[in-house]
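Working notes, beginning with the structure itself.
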Amino acid sequence: MIKISLGSFVDYSSGTGAMRMSTVLQQRRLYEEPSPHGLSFYPRIINAIRAGRAEGRDDEALATVVEQAGRVQRPHYEAIAEGWLGCLRGWRPTVVPTGSARWRCGQLDLGVTPHLGLREANGVAFATFLYVKERPLSRDGATVALRLLERHMPELLPNGVPLVIDVRRGRLHRLNRRVNRAKLDAWIRGEVAAYVTHWEAA
């Protein structure tokens, strides 16, 4: 059984061509031989986003983490902070707790955990996945995350709605209500099969 996170699968589905094989190769090395640098690059800025929104002190929380970032991390953290603050212009959702789930398909065991729950003033709540990587998130990558979040919504955030945010670019992705779920699920199963094949060859 191959155990990975939703973020790893999104990275894979967001890629094209030979990039997908390279992505799996890097991921397999990281999962089998974790490096402190690889495992700790983004969690601090994501935690700052979560804490800042929960406390209503977004600028301060992000500024602190950016200031403390190392030379390699800092430009990435600055871009993420700028993108997140841009998302919040005219939008002030509150933070709500979320759960976690696992999804198994063939040989893949996927952890489905939103980065945070957000509730708007009108009561709509979002199980939110934050994409913070430098490479832009493709529509395919966003769709994978949205559908897997939606499938597990009773465990993650009852009556919630999936939301994916490409943070650096300030782009919010939602699942089209008219999308054919059966066809989408079949496509995702195909992505799983391709991922497993690339993993075994890595």
Side-chain angles (χ1 to χ4, degrees), residues 5-16 19 22-23 26-27 30 35-98 100 111-122 124-149 156-157 160-176:
S5 69
L6 176 59
S8 294
F9 194 52
V10 168
D11 285 346
Y12 175 77
S13 294
S14 193
T16 57
M19 180 191 302
S22 298
T23 297
Q26 293 170 1
Q27 290 178 358
L30 180 60
S35 68
H37 179 76
L39 292 175
S40 63
F41 199 85
Y42 290 114
R44 291 189 66 207
I45 191 71
I46 291 174
N47 289 338
I49 288 173
R50 187 184 298 113
R53 184 82 302 264
E55 299 168 3
R57 302 171 61 184
D58 307 276
D59 295 85
E60 294 176 45
L62 291 169
T64 298
V65 173
V66 168
E67 183 63 30
Q68 295 173 350
R71 178 181 57 83
V72 176
Q73 287 177 315
R74 183 156 185 160
H76 294 278
Y77 280 21
E78 288 174 339
I80 293 165
E82 181 180 354
W84 178 247
L85 293 175
C87 288
L88 294 178
R89 293 191 186 106
W91 188 48
R92 285 291 186 271
T94 57
V95 173
V96 294
T98 59
S100 62
V112 182
T113 305
H115 289 109
L116 75 167
L118 296 172
R119 188 184 303 279
E120 295 182 331
N122 62 6
V124 176
F126 300 96
T128 309
F129 176 85
L130 302 176
Y131 180 84
V132 296
K133 301 294 181 66
E134 185 173 15
R135 187 179 75 198
L137 177 64
S138 73
R139 183 63 200 177
D140 283 349
T143 299
V144 163
L146 289 165
R147 177 54 180 153
L148 291 177
L149 288 169
L156 305 177
L157 184 62
V161 178
L163 176 67
V164 171
I165 303 178
D166 184 346
V167 179
R168 297 194 195 214
R169 285 148 287 272
R171 189 172 301 150
L172 278 63
H173 296 269
R174 296 181 175 87
L175 198 59
N176 189 321

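No hydrogens, no waters, no symmetry mates; every other heavy atom, side chains included, goes into these values.
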Please determine if E67 and R74 form a salt bridge, counting it only when a charged side-chain N lies under 4.0 Å from a carboxylate O.
yes
Note: S14 and P136 closest approach over all heavy atoms is OG-O, 3.8 Å
Roughly how far apart are R174 CZ and L146 CG, rounded to 0.5 Å?
10.0 Å
Could you tell me which non-hydrogen atom of G170 sits nearest to which non-hydrogen atom of C87, and how far apart they are?
CA-SG, 3.5 Å
Spacing of CD1 belonging to I45 relative to CD belonging to E78, to within rounding of 0.5 Å
9.5 Å
Kindly give the heavy-atom pair with the smallest separation between Y77 and F41, and that separation in Å.
OH-O, 2.5 Å
Which heavy atom in A61 sits nearest to a heavy atom in A48, and how many Å separate them?
CB-O, 3.6 Å
Report the distance from atom CG of L6 to atom OG of S100, rounding to the nearest 0.5 Å.
12.0 Å
Residue pair L149 / L175, side-chain heavy-atom distance below 4.5 Å:
no
If I take atom OG1 from residue T94 and atom CG from residue L116, how far apart are they, to the nearest 0.5 angstrom?
10.5 Å
Is the side chain of R50 donor-acceptor paired with the backbone N or O of V95 at a distance under 3.5 Å, no angle test?
no
Euclidean distance, T23 OG1 relative to R135 CZ, rounded to 0.5 Å
5.0 Å
For K133 and R168: C-alpha separation, side-chain torsions, deciding distance, then whether side chain to side chain contact (heavy atoms under 4.5 Å, CB included) applies.
CA-CA 8 Å; K133 301 294 181 66; R168 297 194 195 214; 5.6 Å; no
Is E82 atom CD crowded by more than 12 heavy atoms from other residues, nucleotides or ligands, each under 6.0 Å away?
no
Answer whether the closest heavy-atom distance between the side chains of P93 and L88 falls below 4.5 Å.
yes
Evaluate the ring planes of H115 and F129, with Trp represented by its six-membered ring, and classify them as parallel (under 30°), tilted (30 to 60°) or perpendicular (over 60°).
tilted
Evaluate the side-chain proximity of R171 to L137: yes if any heavy-atom separation is below 4.5 Å, no if none is.
no
Would you mind reporting whether E60 and E55 have side-chain heavy atoms less than 4.5 Å apart?
no
State whether the number of non-hydrogen atoms from other residues, nucleotides or ligands found under 6.0 Å of R169 atom CZ is greater than 12.
yes
Can you confirm whether L157 sits close enough to P114 that some side-chain heavy atom of one is under 4.5 Å from a side-chain heavy atom of the other?
no
Could I get the full list of side-chain contact (heavy atoms from CB on, under 4.5 Å) partners for V161, not counting sequence neighbours?
V124, F126
Taking the side chain as C-beta and beyond, is there a heavy-atom pair between V164 and L172 under 4.5 Å?
no
I80 side chain reached by I49 side chain, heavy atoms, under 4.5 Å:
yes
Once ring-ring contact (aromatic ring centres under 6.0 Å, His included) is applied, do any residues pair with H173, and if so which ones, sequence neighbours excluded?
none
How far apart are the C-alpha atoms of W84 and L130, what are their side-chain angles, what is the distance that settles it, and do they pass the side chain to side chain contact (heavy atoms under 4.5 Å, CB included) test?
CA-CA 10 Å; W84 178 247; L130 302 176; 4.1 Å; yes
Shortest non-hydrogen contact from D140 to S13?
CB-O, 3.7 Å
Rounded to the nearest 0.5 Å, what's the gap from OG1 on T128 to CZ on R53? Could you check?
12.0 Å
Can you confirm whether the side chains of Q68 and R44 place a donor and an acceptor under 3.5 Å from each other?
yes
Does a side-chain heavy-atom distance below 4.5 Å link V144 with Y12?
no
